[in-house]
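Source: prediction; values computed, not measured. Numbers restart at 1 for each chain; the letters A, B, ... are given by sequence-line order, proteins then strands.
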Amino acid sequence: MSPEPFDPAQGTPTDFIREAVKEDLKNGRFNYVRTRLPPEPNGYLHIGHVKAFMIDYLVAKENGGDLVLRFDDTNPTKEETEFVEAIEDDARWLGIEWSKVTFASDYFDLLYEWAQKLVLAGKAYVDDQTPEEVSKNRGTLTEPGKNSPFRDRDVEENMDLLERMKNGEFPNGSRILRAKIDMAHPNINMRDPAMYRILHEHHHRTGDKWKIYPLYDWSHGQNDSMEGITHSLCSLEYEDHRPLYEWFLDQLDVFKPRQIEFARLNLNYTVMSKRKLRRLVEENHVSGWDDPRMPTLRAMRRRGYTANAILDFIRRVGVAKNYSVSDVSLLEACVREDLNKTSLRRMAVIRPLKVVIDNYPDDLVEEMDAVNNPEDPNAGTRKVPFSKVIYIEQDDFRETPPPKYYRLFPGNEVRLRYAYFIKCSHVVKNDAGEVIEVHATYDPSTRGGDSPDGRKVKSTIHWVSAKHAKEAEVRMYDRLFSKENPEEGEEGFLNCLNPNSLEVLNGFVEPSLATAEAGSRFQFERLGYFCVDKDSTKEKPVFNLTVNLKDAWAKIEKKGN
RNA sequence: AGGGGCGUGGUGCAACGGCAGCACACCAGCCUUUGGAGCUGUGGAUCUUGGUUCGAGUCCAGGCGCCCCUGCCA
């Protein structure tokens, strides 16, 4: 019943990173493998992170190495403890294992000593230029920068100034510590990059101890070295930073990990940047970080996605250096494949239409045997009550059937799943001319769904007994954006929100669903996979659409038009 | 324009000088007590030009296109 645990060794294709790591082991560059997960604790994990996480985790695991979960908390103005917990929780849910949890801030003291070493060696200096001057003197893509007038300060003065920066003697922004490299370097990251900035801010771990905080370039590689990370795997935009990563380590003459870059995950019909996701939440386009339409792990969990399905998707997407945008339909296919094997089937009618079976006894109730999961015989069967008045799906009835429509219409016979053949006799309409009630007759000899005379029907439809059904709220989700690439344009993504991304329906579910617990998953036959939401109550269960079933009829109908 | 990368069906990824393949999507059919699932099949790609080679997606040279880089963000 429970999904099989994810086996990294199974079917994980090789890629250029795995090959590079193997090569490093073979030629002795390293004799073990250790990677690191470097989330910044300033937001929730989204599916894009999963790709990076799995590369880090599996590369370590496949080579008998380990993974360090290191929070990159070098910027106290943006980071919060709340996210640390959430990130760990999501990562655990994915099945990722790490040997220890660390923080960049654990190394602030040692990192400061290393900075002093560089100052002493004449490789770093305190710059008093304003941020504007620093920026202006950096030059442009095509023009070299200009040396700072403070670049040639002597070592003693630099040491003194750095210490006083640390002690909080100077205001924010008044000075920075910079590496002394080359202001004319064609790679702008090498034009005397900043190492420390002054920030009189409270830090979620170190409190008020520090008045200066390291920048990413100065922190990350040094932390990698301190932790004995062999392979620092990151996304493409850090390729330009690799020369700097290596420069610091070379100057320091310390253990030197290897940085390798790969293309991050992008998904169509989705935005992935933290800033944009935050706007969706803050401007109430969604109900929160765990709104099931969001690409965050919290949201996907709530929606009913399994870790297995997400991991399978990541595996199938692969790893390369091409900028790429993956198709959400692949993700959906992975979810269907996983859920198809494991989900219990239930009947639910989400857009109800009343059907009265005129020749069925008024007070009779029969218990029909229904299969729980045709993909899994061990899932057994259950009883579903049947009676004279039932609900069927509005889509399953047409007064005038279009071509190729096999479902119920006047004069046509269909099978009620696990129950009887019924034939539509007539309809009842309201003043507006809408069909509000369908009348039918049943064939008592077809109990269970087969006719003794061998008569066939072309369609089987699902139903619930009106008398026994439980009312339920069903939240139907669709893509949050109506454009394949909502990211293009700054404001663009808010202009292409799909107005129909959430539709709340009130339907009826079979009685066995009345007590389903939050988080449990079912297939509603012929509709899709659904997950019980945390908003569910005993009085009114709430179901989230995880993903719909493939709908062949919808395709036929669409083509007809 | 300077630097760093990347160009293989619609999408994502393979092919490591030797028959361009896989998955999803698409299309057609079979089967079906889910128009689900499953099964079978079709179509469709090496950015371009030249070179090396018996043989080039792969190696070389030029061109073209796309992405990233001028935070005291990561």
Side-chain angles (χ1 to χ4, degrees), chain A residues 13-15 19 38-40 42 72 74-75 77-79 127 129-131 134-136 138-145 172-178 185-191 193-199 212-213 215-217 219-220 234-243 261 263 265 268 274 313 315-334 336-337 340-341 345 347 370-371 374-375 404-407 415-419 421 446 448-450 456-462 484 523-528 548-556:
Chain A
T14 190
D15 54 64
E19 282 172 12
E40 185 187 9
N42 71 344
D72 221 331
T74 56
N75 188 344
T77 62
K78 301 199 309 192
E79 292 142 9
D127 192 349
Q129 291 183 105
T130 64
V134 170
S135 170
K136 194 172 129 239
R138 188 158 22 233
T140 69
L141 296 178
T142 50
E143 297 158 316
N172 289 358
S174 59
R175 286 179 168 83
I176 51 173
L177 183 73
R178 303 179 75 174
H185 199 107
N187 179 344
I188 290 175
N189 295 307
M190 299 295 271
R191 318 239 262 231
M195 296 165 63
Y196 280 107
R197 76 287 221 186
I198 298 170
L199 245 32
I212 57 172
Y213 290 91
L215 281 108
Y216 170 87
D217 283 313
S219 172
H220 200 91
C234 58
S235 53
L236 250 27
E237 72 248 46
Y238 292 101
E239 278 181 317
D240 282 346
H241 295 249
R242 182 161 17 99
E261 311 85 11
L265 177 76
N268 58 13
K274 269 179 204 168
F313 167 70
R315 186 182 60 76
R316 292 204 225 182
V317 160
V319 181
K321 296 190 75 159
N322 297 335
Y323 173 87
S324 62
V325 182
S326 291
D327 201 329
V328 285
S329 69
L330 177 59
L331 210 212
E332 292 169 351
C334 292
R336 288 193 192 97
E337 187 178 309
N340 174 48
K341 284 182 250 170
R345 314 288 133 122
M347 290 198 283
V371 173
E375 303 291 320
K404 300 237 179 111
Y405 186 87
Y406 304 146
R407 280 114 90 145
R415 172 165 42 232
L416 294 175
R417 180 143 235 228
Y418 301 126
F421 285 10
T446 57
D450 278 310
K456 298 286 183 200
V457 289
K458 292 203 79 169
S459 185
T460 301
I461 66 177
H462 61 275
E484 252 200 67
Q523 185 200 94
F524 288 176
E525 297 222 26
R526 303 206 308 133
L527 296 174
N548 62 311
L549 249 21
K550 281 199 258 177
D551 188 345
W553 165 244
K555 209 177 270 184
I556 294 168

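- Comparing the C1' positions of G7(B) and U32(B) gives a spacing of 45 Å, expressed to the nearest Å.
- For T74(A) and C73(B), the shortest distance from a side-chain N or O to OP1 or OP2 is not below 4.0 Å.
- Remark: R407(A) is not in phosphate contact with G35(B), judged by side-chain N or O atoms under 4.0 Å from OP1 or OP2.
- For C73(B), neither phosphate oxygen OP1 nor OP2 lies less than 4.0 angstrom from any side-chain nitrogen or oxygen of K78(A).
- The shortest side-chain heavy-atom distance between K321(A) and L236(A) falls under the 4.5 Å cut-off.
- Using a 4.0 Å cut-off, no side-chain N or O of R417(A) falls inside it from OP1 or OP2 of G35(B).
- Closest contact between the side chain of A333(A) and the listed nucleotides U34(B), C24(B), C73(B) involves C24(B).
- R138(A) has a side-chain polar atom (N or O) that falls below the 4.0 Å cut-off from OP1 or OP2 of C72(B).
- For G35(B), the base has no donor-acceptor partner in the side chain of D551(A) [N/O atoms by modelled type, under 3.5 angstrom].
- What separates NZ of K136(A) from P of U70(B) is a distance of 19 Å, to the nearest Å.
- Counting non-hydrogen atoms under 4.0 angstrom, S459(A) reaches nothing in the nucleic acid.
- Annotated as syn: G71(B), whose glycosidic dihedral is within 90° of 0.
- Taking the C1' atoms as reference points, U46(B) lies 16 Å from G65(B), given to the whole Å.
- Each of E375(A) and H241(A) was assigned the nucleotide of RNA chain B with the nearest heavy atom; the assignment lying further toward the 5' end belongs to E375(A).
- With hydrogens and angles disregarded, no donor-acceptor distance shorter than 3.5 Å links the side chain of N322(A) to the backbone of S324(A).
- One can place CG of N548(A) at 13 Å from C1' of G35(B), the figure rounded to the nearest angstrom.
- Counting non-hydrogen atoms under 4.0 angstrom, E40(A) reaches the backbone sugars and phosphates but no base.
- Nucleotides C22(B) and C73(B), compared at atom C1', are 40 Å apart to the nearest Å.
- A distance of about 25 Å separates the C1' atoms of U49(B) and C16(B), rounded to the whole Å.
- Here F421(A) lies out of heavy-atom contact (under 4.0 Å) with every strand.
- Mapping S329(A) and H185(A) onto RNA chain B by nearest heavy atom places H185(A) closer to the 5' end of the strand.
- Side-chain N or O atoms of R415(A) include none that pairs as donor or acceptor with a backbone N or O of K456(A) at under 3.5 Å.
- At least one side-chain nitrogen or oxygen of S324(A) sits closer than 4.0 Å to the OP1 or OP2 atom of C13(B).
- No donor-acceptor pair under 3.5 Å is formed between the side chain of R197(A) and the backbone N or O of I176(A).
- A distance of about 16 Å separates the P atoms of C68(B) and G12(B), rounded to the whole Å.
- You'll find a donor-acceptor pair under 3.5 Å spanning the side chain of R345(A) and the base of U34(B), going by distance alone.
- For G5(B) and C39(B), the P atoms lie 44 Å apart once the distance is rounded to whole Å.
- Checking G57(B) for Watson-Crick or G-U wobble geometry (two distances, each under 3.5 Å) identifies no partner in any strand.
- Going from the C1' atom of C64(B) to that of G71(B) covers 33 Å, rounded to whole Å.
- Contact of E237(A) with C67(B) (side chain to base): no donor-acceptor pair of N or O atoms is detected under 3.5 Å.
- Distances from the side chain of K550(A) to the nucleotides G35(B), A25(B), G3(B) place A25(B) closest.
- Of the candidates A74(B), G10(B), C72(B), G10(B) carries the atom nearest the D327(A) side chain, counting heavy atoms from C-beta on.
- Remark: the Q523(A) side chain and the U34(B) base include a donor-acceptor N/O pair separated by less than 3.5 Å.
- Taking a pair to require two hydrogen-bonding distances under 3.5 Å in either a Watson-Crick or a G-U wobble arrangement, U34(B) remains unpaired.
- Under the Watson-Crick or G-U wobble criterion, with both distances below 3.5 Å, C39(B) is paired with G29(B).
- Closest to the side chain of N322(A), from the set U34(B), C13(B), U70(B), is C13(B).
- Base pairing of C6(B) is made with G65(B), judged by Watson-Crick or G-U wobble geometry with both donor-acceptor distances under 3.5 Å.
- Not one N or O on the side chain of N268(A) forms a donor-acceptor pair closer than 3.5 Å with the backbone of V325(A).
- Residue contacts for N75(A): at a heavy-atom cut-off of 4.0 Å it reaches the sugar-phosphate backbone alone, with no base atom in range.
- If you check C13(B) for Watson-Crick or wobble pairing at under 3.5 angstrom, you find it paired to G21(B).
- Distance check on atom C1': G9(B) versus G51(B) gives 28 Å, rounded to whole Å.
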